[in-house]
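First up is the structure itself, then whatever we jot down about it.
Read the numbers this way: they start at 1 and go in the same order the structure lists the ligands and their atoms. Position 1 is the first residue of the sequence, and the numbers go up from there.
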Amino acid sequence: MLIRSRKSWEIPEREATPEAFFLNRRDILRGLGAGAVASLAATQVLAAAEADPTASLYPAKRNDAFKLDRPLTPESTNAHYNNFYEYGTDKTISAAAQQLEPHPWQITIDGLVEKPMKLDVDDLIKAMPLEERLYRHRCVEAWSMTIPWTGFSLAKLIAFAKPKPEAKYIQMETFLDPKMAPGQEMPFYPWPYIEGLTMAEATNELAFMVTGAYGKPLLKQFGAPMRLAVPWKYGFKSIKSITKISFVTQQPNNFWQQIASNEYGFWANVNPAVPHPRWSQASERILGTMERKPTLLFNGYEDQVASLYKGMEKLPLYR
Ligand code: MTE
């Protein structure tokens, strides 16, 4: 979004460890006897389950109401092309993001609610009905992906939180911990990352709390343990690694708006007719295929969301 040279703490992709780790593990297993392998495997399964007590909930059943007009983006492409400024300003943050510790993880629900609370994300995930949805994902930078997200509708979380009628907006915050996310040492950025929606937007059926992708819990670079997906808006609305959800009366002043309000606004609805001040939004580059396709109004979700913006068409709502 903003162009900046690489800082020393941003680890280049070639130094990524996960694959090397798996290769190494295979070598170790080959070198051990069958009994030892069995007990080692059991230990690892146990360790994985301990690390993520929700792992057994995946893959969740696909909800076929959400259809795509193009193939899914391969997981390997998606997992190595991310925006997560807490771990660096370029797309190759996947290795750096392995510093994220998504378990244990507390979610605070506060503001205009019947009863403010703090709960463990794993308990929340277990209490919610998980489903898989195939969504388009369009970044304001004019690239796009198609992703099988797993999660639950944000409306379900709102019903659970019981906001008071005075609540006008839902505001969400990412964690703030520069030790876990060295990008948060960058003083220029207004940490923590903040995003928000009107209550009508947040309770639209498309607004989705995401806890998994590609049939398993979220990878760290995708914003584990819980992020948002609002597919009719530019990707920066889809906040990652959420720790706080507040119900408020004032329109949230989101992260990108605070940095450059002339380029990024609260609404951020995908609209091919309104260019970004520095580039066109008329078409998008599809990651994985490098094909270009015309961008659709509301990213193709017009039928589901256009009614939210009736009478507001003349306002500069798409920024
Ligand atoms: N959330 C946090 N906390 N930090 C970020 O830098 N980037 C946003 C959004 N959510 C971002 C974030 C932007 S600009 C986009 S396009 C999407 O996450 C990228 O999600 P992806 O990496 O899963 O494609």
For ligand 1, note which part of [X] has a heavy atom under 4.0 Å away: side chain, backbone, both or neither.
{"X": "His137", "answer": "side chain"}
{"X": "Thr174", "answer": "side chain"}
{"X": "Glu86", "answer": "side chain"}
{"X": "Phe236", "answer": "both"}

Taking the side chain as everything from C-beta on, heavy atoms only, tell me whether [X] gets closer than 4.5 Å to [Y].
{"X": "Val305", "Y": "Leu206", "answer": "yes"}
{"X": "Phe66", "Y": "Glu131", "answer": "yes"}
{"X": "Glu132", "Y": "Pro59", "answer": "no"}

Under 3.5 Å between any N/O of [X] and any N/O of ligand 1: does that happen in this structure?
{"X": "Trp143", "answer": "no"}
{"X": "Tyr81", "answer": "no"}
{"X": "Trp256", "answer": "no"}
{"X": "Trp149", "answer": "no"}
{"X": "Arg227", "answer": "yes"}

Tyr301 six-ring face occupied by Arg136 cation (under 6.0 Å, within 45°): yes
Numbering as shown, the atoms of ligand 1 that approach [X] to under 4.0 Å (heavy-atom distance):
{"X": "Ser238", "value": "9 (C), 10 (N), 18 (O)"}
{"X": "Cys139", "value": "16 (S)"}
{"X": "Phe84", "value": "3 (N), 4 (N), 5 (C), 6 (O)"}

Assess Glu141 for proximity to ligand 1: is some non-hydrogen atom of it under 4.0 Å away? no
Gln98 (side chain) donor-acceptor with Ala95 (main chain) under 3.5 angstrom: no
Side chain of Ser144, backbone of Glu284: donor and acceptor closer than 3.5 Å? no
Over 60° means perpendicular and under 30° means parallel, so tell me whether Phe175 and Phe84 are parallel, tilted or perpendicular. perpendicular
Parallel, tilted or perpendicular, judged at 30° and 60°: which one describes the rings of Tyr189 and Trp191? tilted
How far does CG of Asn254 sit from CZ of Phe236, to the nearest 0.5 angstrom? 5.5 Å
